[in-house]
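Order of appearance sets the numbers: ligands from 1, and atoms from 1 within every ligand.
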Amino acid sequence: TSRNPLTDEQISSPLQVFGQAKKQINNIFVDIQDYVADASERMIDVNKICPDVIVENELKSILDYRSKVKGICEVLTRDHMKVAFFGRTSNGKSTVVNAMLGEKVLPSGIGHTTNCFLQVEGSQTGDAYLVTEGSNEKQNVESVTHLAHALNYEKQLNEKELVHVYWPKDKCSLLRDDVALVDSPGVDVTPHLDDWIDAHCIDADVFVLVANAESTLMVTEKNFFHKVSTKLSKPNIFILNNRWDASANEPEFLDQVRKQHMERATDFLVKELKVCTPDEAVSRIFFISAKEVLQARVKERNGQALNSGALAEGFSARYMEFEEFERRFEECISKSAIKTKFLNHSQQGKHLVKEMYKIMETIYNRSQEQTHSKMCQKKEFQEKLNFTEQQLICITNQMKMKIHQMVDDVEDKVSKALND
Ligand code: GDP
């Protein structure tokens with residue numbers, strides 16, 4: 001309670017609520033870690049002096065709790081929010097990831113099909129590097145071209161494989177706030193959907209289906225999410241109808257096409273997958289152009305002005321819709337990740353503290369009982385000692401009187417005999 005949480009004014013993005021929760025739960029676990037360490041050291045000491053007070057199992061449990069808490073602390077410092085992007089090849093998954101990051105991090109476009117899973121996350125060191133699965137080697141990444149080269153040529157990558165791309169945190173607020181973004185190979189290229197889900201999706205907080213607004217949702221795309229929702233209860237799914245800039249070429253059909261996509265996507269989420277209500281679906285389905293957003297953000301980053309002449313009709317509306325998607329996404333991922341990542345740990349923490357308290361209380365009670373019984377023994381012994389002392393005094397007094405009498409008697413008898 002006294003850990004100075006950020007005030008509402010200080011929180012500029014819902015993502016920071018996750019960061020704040022993570023900091024708090026980490027602090028609590030550091031306290032629990034100190035408590036367990038202290039308790040186990042004391043128990044080891046007590047056990048050396050009075051081996052009868054602590055039962056072997058109790059000492060073992062406390063030592064087990066110590067390593068459990070250490071494990072949880074390690075997981076907690078690594079915890080992040082995870083969003084996974086799926087869709088058919090060339091729908092624009094990498095472009096959406098880049099648009100959200102605000103710069104070209106992942107290679108995209110013709111000749112750069114993502115052929116493995118790529119997880120972009122913040123780099124602690126400030127350097128950009130990649131680490132392939134099963135390796136600890138940090139391969140420096142100087143540019144997108146370099147990354148594309150490393151991914152395409154330097155190693156034959158398996159489509160199920162996960163490559164971690166660590167990108168400087170200060171370059172992107174999403175990475176600063178502990179979001180990891182996972183790009184995937186197209187759902188159309190694999191027969192191994194189940195393996196994908198088991199390996200990369202079970203711990204995702206949010207899924208983004210990047211669809212192509214120029215066509216309808218494909219069976220392969222739907223099929224993938226049907227599989228996801230059989231393995232996860234109520235996954236958080238967003239649908240991005242990408243390439244919406246193409247609609248600018250056919251303004252006469254714009255409203256009609258949007259309505260049709262909206263109805264189909266809503267039916268998919270609400271009726272087929274049953275992952276949200278019709279009201280919620282409105283804030284889960286968006287019409288965007290990732291390419292335009294990326295271009296605009298890269299220009300802004302380089303201090304260049306947007307050349308309004310080169311922008312397709314309706315750019316600002318699409319840009320605003322992308323920002324609205326980001327806002328809804330941030331709210332959703334932060335809420336979901338706090339629940340999935342911390343609820344379980346906080347319950348485990350509570351359970352551990354309760355169990356430890358029980359053990360310490362049992363030991364305390366046992367030591368009290370032992371002290372009490374020793375005191376009783378001492379008292380009993382004391383009473384016996386007092387009684388014996390009394391008896392001795394009595395006997396001594398009686399003896400004294402008797403001797404006195406005897407002396408008197410003898411004196412009497414002697415003086416009588418002398419007289420006689
Ligand atoms: P991925 O295979 O799903 O990762 O697709 P990419 O992100 O590599 O995109 C494939 C191609 O589509 C690239 O040439 C992108 O520039 C282009 N693209 C992506 N998003 C959009 C968009 O919103 N509008 C248009 N016109 N092109 C896009």
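- Within the 3.5 Å criterion, the main-chain N or O of Ile288 finds no donor-acceptor partner in the side chain of Arg318.
- No more than 12 heavy atoms of other residues, nucleotides or ligands shown are found within 6.0 angstrom of NZ on Lys350.
- With distances taken over non-hydrogen atoms, the option nearest atom 12 (O) of ligand 1 out of Lys291, Glu292, Arg243, Arg318 is Arg243.
- Heavy atoms of Ser90 come nearer than 4.0 angstrom to ligand 1 in at least one pair.
- Between Glu330 and Ser13, the shortest heavy-atom distance links the atoms OE1-OG, 3.1 Å.
- Residue Ser289 approaches ligand 1 through these ligand atoms, each under 4.0 Å from one of its heavy atoms: 22 (C), 23 (O), 24 (N).
- Aromatic rings of Phe18 and Phe342 (six-membered ring for Trp) have centroids within the 6.0 Å cut-off, being under it.
- The distance criterion of under 3.5 Å between nitrogen or oxygen atoms is not met by Pro107 with respect to ligand 1.
- Against a heavy-atom cut-off of under 4.0 Å, Lys93 is close to the following atoms of ligand 1: 1 (P), 2 (O), 3 (O), 4 (O), 5 (O), 7 (O).
- Ion pair Arg42/Asp38 flagged as a salt bridge, since at least one NZ, NE, NH1 or NH2 atom sits closer than 4.0 Å to an Asp/Glu carboxylate oxygen.
- Here's the thing with Asn242: one of its N/O atoms is less than 3.5 angstrom from an N/O atom of ligand 1.
- Remark: ligand 1 atoms within the under-4.0 Å shell around heavy atoms of Ala290 are 23 (O).
- Where the criterion is an N or O separation shorter than 3.5 Å, residue side chain and backbone included, Ile288 fails it with respect to ligand 1.
- Distance check: Asn91 CG to Thr89 OG1 gives 8.0 Å after rounding to the nearest 0.5 Å.
- Leu352 is not listed as a side-chain neighbour of Tyr35, based on a closest heavy-atom distance of 4.5 Å or more.
- Counting heavy atoms closer than 4.0 Å to ligand 1, residue Asp245 contributes side-chain atoms (C-beta onward) but none from N, CA, C or O.
- Among residues two or more places apart in sequence or in another chain, the side chain to side chain donor-acceptor pair (under 3.5 Å) test is passed with Asp178 by Lys22.
- Counting the atoms of ligand 1 from 1 in the order shown, those under 4.0 Å from a heavy atom of Ser94 are 4 (O), 7 (O).
- The shortest heavy-atom distance from Gly87 to ligand 1 is not under 4.0 Å.
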